Structure formats: structure tokens, C-alpha cells
Amino acid sequence: MGEAQEEGLEEEEHDKPRGYNINDNADLLAEVLARLDGRSLLVSAGVCRLWRVVSRNESVWEALCNRHVAAAGASCSGTRAVVAALGGYRRLYRRCVGPILDRLAAAGEPVTGSEAAAAAAATLSLSLFSIECYERLGVAGRQRPSSLLFLRSAVDVS
Amino acid sequence: MGHYQHSHSPADWSASGVADFDRLLAGAGYRVRSSDPQHLAQGLEQLDSAAAGADDCESSPPLIPCDTVHYNHPSDLTAWVDSILSDLTSAALPHPPHPPPATWIATVYSPGIHCTLEDQEDAGIRLIHLLMASATAVHRGDAGLASALIDDTRHLLTCVSNAFGMGKVAGYFADALYLRIFSPQSAAVLSSPAVDDILYHNFYEACPYLKFAHFTANQAILEAFDGEDRVHVIDFNLMHGLQWPALIQALALRPGGPPALRITGVGPPYPDGRDNLREVGLQLANLAQSVKVRFAFRGVAAARLSDVRPWMLQVAVGEAVAVNSIFQFHRLLGDPDEAAPAPIDSVLSWVAGLRPKILTVVEQEADHNRPGFLDRFTEALFYYSTLFDSLEAGGAGVSGDAAVAEVYLQREMCNVVCCEGSARVERHEPLARWAVRLGRAGLKPVHLGSSAFKQANMLLSLFSGEGYCVEEVDGCLTLGWHSRPLISASSWCSGDHVPSPETMTTSCILAGSNVINVKSDEVNYVSGSAV
């Protein structure tokens with residue numbers, strides 16, 4: 001989890017003349033960060049300014065989403081366009097995919113390992129995301145978007 | 001709490017589903033199990049003799065003005081047990097309850113008693129008993145007795161926590177009964193659409209019922225639209241249009257590209273002149289445009305669904321039609337013993353005349369349209385207790401919403417209990433009866449697929465509150481709480497023997513040009529007053 005972080009820091013300390021600094025290559029950094037899990041990715045935004053920018057890169061979050069919930073049957077570019085229109089992968093993960101995965105795991109039905117479950121979670125996430133986007137669109141004059149509040153509230157897993 | 005055995009009658013969910021009631025009976029010391037009528041008769045005899053000995057203790061409590069204390073009498077007690085049990089297929093075998101009936105009854109009705117009820121469930125049973133007695137009095141037209149009993153209920157409620165559980169529900173029902181006796185007109189006053197909006201929205205957020213309805217219907221519509229190029233969705237109650245973003249998104253991601261989508265939304269006119277339909281249409285159009293789905297919207301303002309005529313919907317030739325009715329059809333029903341045909345039949349026949357590729361129907365799974373008040377009251381008592389129970393269990397995290405959502409349910413319940421005639425619009429009927437009606441109109445059932453089932457299950461596991469369950473019955477899905485079905489979702493399509501309608505030839509806002517257009521100026525507004 002924190003290895004990529006540590007690696008980056010170490011490199012910065014040793015600095016010149018030899019040693020490769022990951023911060024020199026934003027694309028490579030993005031590749032590395034794309035392999036993190038959601039929480040680590042959020043945390044990594046606090047490392048330094050560059051990391052903050054790179055970790056907010058849509059491609060990083062897209063990789064994260066696709067790793068957990070592959071949208072079965074949909075073409076990549078088609079899905080990308082729709083998700084971008086609805087608010088982007090980062091928002092999708094933070095508002096929908098992340099909480100859904102957490103809830104399902106807490107309910108004892110983790111999505112990992114089952115393609116059917118992953119596909120169902122993808123569909124559900126996108127549906128909920130579209131509702132949230134819709135609410136955001138109409139916010140002027142109405143109450144703030146709230147259809148996803150049920151995902152944010154604490155779950156009693158006793 | 002007493003232990004009990006509970007046997008399921010597999011064919012009838014109502015027997016297994018009234019587990020709450022069984023639990024309450026058990027708390028009173030009854031052992032509930034299936035038995036034959038002979039045992040029941042014996043049990044009732046036992047109860048009779050036990051209670052007869054208690055007659056001495058039955059001094060009429062000063063609180064009750066009249067002499068005859070009907071509700072105390074053993075025969076009323078068994079009649080109450082009977083009327084409940086007649087709805088269940090399994091008969092109860094009552095034992096002499098602990099504590100014996102005499103002291104039980106006396107404790108409840110003695111005035112000024114300092115309630116030291118340790119057992120909340122014990123109080124729950126007493127509350128039910130009081131409510132049933134009060135409802136019986138109302139049924140018989142004895143307003144004096146009924147209001148006295150309601151006072152008793154409220155007195156008992158002051159001892160019992162009415163912040164949650166049976167106490168709260170009992171309070172709502174006591175209020176509803178009171179309203180029925182003294183001011184039924186106020187109960188029938190329709191609140192403004194703005195208030196309806198807020199209540200609906202909170203109900204949408206606080207519990208999964210509406211989401212389940214939307215997602216299941218959308219899945220059926222999506223599957224029906226497979227391979228279609230031009231599709232038309234008719235929504236019989238648009239509200240905020242929360243059902244449609246997910247469908248728009250799913251159509252956008254459809255392999256092979258999205259079809260051209262038209263949505264026609266029906267809704268009540270707003271008294272302050274605000275054009276809710278248009279606003280929602282604009283919002284949907286914005287969303288559709290952002291995901292590159294060709295989209296057009298049309299609004300039909302009608303106070304009642306029966307005011308809508310097919311020509312207002314402007315169904316075009318060659319497009320696949322989906323009709324969506326979420327909790328709307330039951331409002332068109334009338335009293336079952338009335339000779340005149342209810343509006344539902346004509347509406348269903350023109351819906352069938354549209355030859356819909358799919359008709360999605362979501363209704364409450366309850367029998368709240370019985371002519372007899374007591375029957376209706378009993379059904380409503382158990383149905384809404386279960387609903388409120390589920391709200392409470394899931395409402396911990398979104399407490400504000402849950403409270404407002406309860407008002408939504410409370411209003412519905414009030415309509416069932418307090419109103420009569422045309423004022424009563426919440427005329428819920430179970431799915432089996434809807435199936436017959438829809439079949440008569442010429443519609444064939446379409447099985448909801450396994451993806452709908454899986455999606456519903458996954459949706460429910462997101463909601464806190466462990467008791468939700470989805471079941472599949474004959475291709476229809478029902479969502480319930482602790483094995484009591486509460487909402488049923490089903491889908492239908494036009495049968496082959498439905499005569500071809502004239503509507504398709506006359507209206508046709510030409511299938512080509514202006515209808516299929518993304519932009520917001522396509523929002524048409526039609527006033528749907530009776531033609």
C-alpha cells in the first residue's frame with residue numbers, strides 16, 4: 001500500500017546524481033498510482049503537489065474502477081465517454097463504487113472473485129451515479145443532491 | 001417472551017408472513033401452531049371458562065362512561081381472535097394466557113394506574129387489543145365508545161415509549177381513528193403538490209422501496225427495448241423523474257448504441273402555476289444530451305390518471321412503447337361491491353390498446369380495498385406496522401429523512417383508515433387480483449429476468465436493515481420485510497388479440513422530424529382535463 005509512497009520519498013532524499021526520481025515522470029507515476037486501492041489513492045494526494053495532481057488524473061481512477069467492477073459488455077471508449085459526461089471516474093469511485101464495495105463487503109457479499117457480481121456492481125454503480133448526476137444538474141432551485149446519502153450513512157453491522 | 005412453534009403454510013404467504021402478530025400472541029402466552037378446528041373450539045372453550053371466572057373482576061372502570069364494557073367481554077375477545085385468525089390458514093390454539101385474562105384486562109383498563117409495564121411487547125399486545133376494540137366500535141357506529149377507547153390508548157401510550165416500535169405505530173393509528181370519527185373531511189384534504197414532492201423525496205431516500213420499483217421496472221424496460229431503434233416511455237407519475245436517469249445511462253451504454261428516446265410524463269398540475277413537468281423534462285433532456293442520447297420529452301398535466309386520453313400521449317407508428325405505473329393503478333379502483341365499473345378498466349383497456357412492448361406495474365402488496373371497515377383496518381394495522389418497522393431499522397443513519405418518510409406513510413395509512421368513497425384513493429389490492437384485471441384487459445405477463453432479481457438483491461444489501469428480502473413469484477418480484485411481502489413489481493405486454501387502436505393513426509406527430517430532437521424546446525405541455 002504505502003510502498004509507492006515510500007519509494008517516492010526515498011528517491012527524493014537521495015536525490016541527484018544517480019537514482020531515478022519517480023517524480024520526473026508523471027506518466028510513470030500515474031501508472032504506479034493506478035495500482036493502488038481507493039483509500040491509498042486518496043491519501044497519496046497529500047504527499048506533494050505533483051502527486052496531488054497526478055492522483056486526480058481520471059485515468060488513474062478509471063483503472064481503479066475497472067479493476068474492481070468491470071462494466072461487462074460495454075465498450076471501453078463508450079463507457080469512458082458516458083462516465084466523463086456524468087462526472088468522471090474519480091467522482092464515480094468516491095460517490096458510488098467505493099461505498100458500494102464497502103457495503104457489500106460489510107454485508108458479507110464481497111464482489112471480488114465473482115465476475116457476475118462485479119458486473120452487477122458496475123451496473124448498479126453507474127445507475128446510482130447517473131441519478132446523482134441528474135440531481136446535481138437540477139440543483140438550482142432545488143435541494144442539494146441527496147439520493148446517495150443512504151450510501152454514506154453509517155451501516156450497523158452488529 | 002414465550003416460546004412458540006410456528007408452522008408455515010407454503011401456499012399462502014399471509015400465514016407465514018404475519019410473524020409479527022404471532023410473536024405478539026406468543027408474548028401473551030399463546031402457543032401458536034397449526035391445528036384443526038376442533039382444537040380451536042376446545043381452546044376457545046377453555047378461554048371462555050377462564051374468562052368467565054374473571055367476570056367478577058370486571059367492574060366497569062370509571063373512565064368508560066357506558067355500562068356495557070363490550071371489549072372486556074370474553075366473546076368479543078374470541079371474536080377478535082377469530083377475525084384475525086380467519087385470515088390465517090393456521091389456527092391458533094390459545095392456552096390460558098399468563099397472566100390470566102382477568103388481571104390482564106383489569107390492569108389495562110383501571111384508571112390512574114401507574115404503568116409499570118416492564119415488557120414493551122406486553123404493552124404492544126394491549127395496544128393492538130385497544131385499537132382493534134376501538135375499530136370494532138367504529139365499525140358498529142358507536143362513536144362514544146370508540147373515542148373512549150382511543151383515550152385509553154393514548155393514556156396507555158403515555159406509559160409506553162412512543163418514540164419507536166409498536167408505541168409509535170399505535171399512536172398513528174389512534175390518531176387516524178380519531179380523525180375518522182370526528183373530522184373525516186380534514187383527512188380527505190389533499191395537500192399541495194409541493195408538500196407531496198418533499199415527502200416523496202424523503203421516502204425515496206430513506207428506504208429502498210421506490211428505488212427497488214425504479215430499478216426493477218428499468219431492467220424490464222431495458223430488456224424489452226433490446227433491438228429497438230425508437231422507443232417511447234410513458235410514465236404515469238413523473239414526480240422528479242428520478243427513475244429515468246438510470247435508464248438513459250443504460251441506453252447510452254447499450255451495445256450497438258442508444259435508441260432515440262422519448263419520454264412522456266404524466267403528473268398533476270401545480271396550483272401556483274409552476275410547471276414541474278417542464279422543469280423535469282428539461283433536466284432529463286440535459287442529462288440525455290450530455291451522454292449523447294437523442295431525446296424528446298412531453299408533459300401531460302392531469303389531476304387524475306382517468307382524465308388522460310390516449311391521443312394526448314401521441315404514440316407514433318413504429319416506436320416501441322413502454323408504460324410505467326408505480327403505485328398509480330390502485331388509485332383508479334372503486335369499491336368492490338359497487339355495480340358501476342371503476343375507472344381502472346377503461347384506463348387498462350386503452351393502455352392495452354397502445355400495444356405496449358412492456359407495461360411495468362409496481363403496487364403495494366396488501367388488501368386495503370375491502371368494503372368492511374374492520375377488515376381493512378386490521379390489514380392496514382399489520383401492513384403499516386411492518387412498513388414502519390422497516391423504516392426504523394434502516395433509518396438510523398438518515399434520521400431526518402426517516403422521520404419525514406414516516407409522514408409519507410402516515411398520510412397513506414390515514415387515507416386507508418379515515419376516508420370513504422371518492423376521497424379514499426389508497427385502494428391497494430394484492431398482485432393476484434391485479435393479474436386477473438390485467439389479464440382481462442388483454443395483457444400477458446412477462447417474466448422479470450434473473451438480472452432484475454440479482455440487481456434487486458444487490459441493491460438491498462446496500463441498505464442497512466437486515467430484514468429486507470426479495471422474492472420471485474411467478475416471474476414477479478416482491479420486496480418484503482422479514483418475509484412479509486410489501487411491494488410487488490411485475491411486467492406485462494400486449495396480447496395478440498387486442499384490437500388495433502385508432503389512436504396510432506390519428507395522433508402521429510410524424511415519426512420523423514421534430515419529435516426526435518434533443519433540445520429543450522421540444523417540451524410540450526398538454527392540459528389533460530376530461531374530454
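Since the structure is predicted, the reported quantities are computational estimates derived from the model, not experimental observations. Naming: A, B, ... by sequence-line order, numbering from 1 per chain.
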For P208(B) versus Y468(B), what's the shortest heavy-atom pair and its separation? CD-OH, 3.2 Å
Identify the heavy atoms of E205(B) and F463(B) that sit nearest to each other, and give their distance. O-CE2, 4.4 Å
Which atoms of K211(B) come close to chain A, meaning under 4.5 Å heavy atom to heavy atom: side chain ones, backbone ones, both, or neither? side chain
Counting only heavy atoms from other residues, nucleotides and ligands, does the tally under 6.0 Å from CZ of R254(B) exceed 12? yes
Using a cut-off of under 4.5 Å on heavy-atom pairs, state which of I248(B), N218(B), L284(B), L247(B) scores highest against chain A. L284(B)
If you tally heavy-atom pairs under 4.5 Å between each of W244(B), Y204(B), F215(B) and chain A, the highest tally belongs to F215(B)
Side chain, backbone, both or neither: which part of A116(A) has an atom under 4.5 Å from a heavy atom of chain B? neither
Let me know which of F203(B), F388(B), F327(B) forms a ring-ring contact (aromatic ring centres under 6.0 Å, His included) with Y408(B). F203(B)
